[in-house]
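Notes to accompany the following structure.
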Amino acid sequence: VGITREQCAAVSSLGTVFGGSQIVSFKEFEYFSTLETIGTNAFYDCNKLVTIYLPDSVRTISQQAFKNASSLSDIRLNEGLTTIGGTEVFQYCSSLKELDFPSTIRSIGTSCFQGTAIEVFEIPEGFETSGSYVFFATQGTKTIILPSTVTSLGGNTFRSSYATTIIVKAVQPPSLGSDSWLYSRA
């Protein structure tokens, strides 16, 4: 990217400066050590982006942050990340087949994974809530595992999901929004 570690560390907010760029790999992003939020549309339409490592300081990923990053296949989510929020964060990241969630994740926003190819969603203990359409049209998905701590899932959560196995470890089933199982294969 062409900036020093010190310059990276001085960045506290991120607009849409990378949106639509031709960047391919951004492992150096982890040096943005004071950045707490990846803002709306930050990497929107970065369709050549393959690899990115999030800084340890990030707590929230905002809406459409990586939407249409169709080549994205290697993303490191950091411990400390609590919210994949807003809407459509990873929507149409069609090369994304694997995603390791940090133990600190608590909520996931609406339509977050639509159009991804993630094969197994294993959401860790501590996760509590999701918006609607979270696993909608996740064509590569085989398995979704939700922890005992999940309390509510938005409407249409599993709608048109290709997952054939869905495991919810909660003793008390989470509240579900309307049409959560519509056209689901599970």
Side-chain angles (χ1 to χ4, degrees), residues 1-113 116-131 134-135 138 144-151:
V1 173
I3 61 175
T4 67
R5 281 189 185 198
E6 292 77 25
Q7 290 169 321
C8 291
V11 175
S12 60
S13 66
L14 189 66
T16 59
V17 67
F18 297 107
S21 73
Q22 299 300 303
I23 193 168
V24 174
S25 178
F26 198 7
K27 293 178 184 176
E28 299 84 0
F29 190 50
E30 68 184 333
Y31 301 133
F32 286 62
S33 59
T34 60
L35 187 66
E36 292 188 7
T37 300
I38 298 177
T40 300
N41 299 326
F43 294 94
Y44 184 95
D45 270 341
C46 286
N47 56 16
K48 296 200 184 295
L49 180 64
V50 174
T51 302
I52 190 165
Y53 295 167
L54 302 190
D56 289 338
S57 56
V58 171
R59 302 293 172 254
T60 302
I61 304 174
S62 297
Q63 67 186 26
Q64 298 181 345
F66 294 96
K67 184 176 181 176
N68 294 334
S70 57
S71 297
L72 183 63
S73 62
D74 182 18
I75 183 168
R76 184 188 65 92
L77 300 179
N78 60 297
E79 281 298 317
L81 178 67
T82 59
T83 305
I84 300 174
T87 60
E88 305 166 351
V89 173
F90 294 105
Q91 190 177 48
Y92 305 125
C93 291
S94 55
S95 296
L96 193 57
K97 294 182 179 180
E98 189 176 319
L99 190 62
D100 291 325
F101 292 90
S103 65
T104 52
I105 197 73
R106 298 295 176 260
S107 65
I108 297 173
T110 298
S111 297
C112 190
F113 301 110
T116 65
I118 297 172
E119 294 177 4
V120 176
F121 284 96
E122 186 163 2
I123 314 293
E125 291 297 321
F127 170 76
E128 299 168 350
T129 63
S130 77
V134 172
F135 304 108
T138 50
I144 298 170
I145 303 170
L146 299 173
S148 65
T149 53
V150 64
T151 58

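Numbers for residues simply follow the sequence, beginning at 1.
- Within the model, atoms OG of Ser25 and CG of Leu49 stand 7.5 Å from one another, a figure rounded to the nearest 0.5 Å.
- Side-chain N or O atoms of Glu79 include one that pairs as donor or acceptor with a backbone N or O of Ser103 at under 3.5 Å.
- Take Tyr31 and apply the side chain to side chain contact (heavy atoms under 4.5 Å, CB included) test, not counting sequence neighbours, and it matches Arg5, Cys8, Glu28.
- For the side chain to side chain contact (heavy atoms under 4.5 Å, CB included) with Thr83, the qualifying choice from Ile105, Thr60, Thr104, Val89 is Thr60, the only one to do so.
- For the pair Asn41 (side chain) and Gly19 (backbone), a donor-acceptor distance under 3.5 Å is absent.
- Remark: the backbone N or O of Ser33 is paired with a side-chain donor or acceptor of Ser57 at under 3.5 angstrom.
- Among residue pairs with one or both ends in residues 92-108, none qualify as salt bridge (charged side-chain N to carboxylate O under 4.0 Å, His left out); sequence neighbours excluded.
- A heavy-atom distance below 4.5 Å is not found between the side chains of Glu128 and Ile123.
- Under the 3.5 Å distance criterion, the side-chain polar atoms of Ser111 are left unmatched by any main-chain donor or acceptor of Glu88.
- A side-chain N or O of Asp45 and one of Asn68 form a donor-acceptor pair less than 3.5 Å apart.
- Applying the ring-ring contact (aromatic ring centres under 6.0 Å, His included) test to Tyr53 and every residue at least two apart in sequence or in another chain returns nothing.
- Remark: the backbone N or O of Leu72 is not paired with any side-chain donor or acceptor of Ser95 at under 3.5 angstrom.
- Looking at Thr110, its side chain never comes within 3.5 Å of a backbone N or O of Thr87 through a donor-acceptor pair.
- Checking side-chain atoms of Asn78 against main-chain N and O of Pro55 turns up a donor-acceptor pair under 3.5 Å.
- For the pair Thr16 (side chain) and Ala42 (backbone), a donor-acceptor distance under 3.5 Å is absent.
- For Phe121 and Phe113, the gap between ring centers is short of 6.0 Å.
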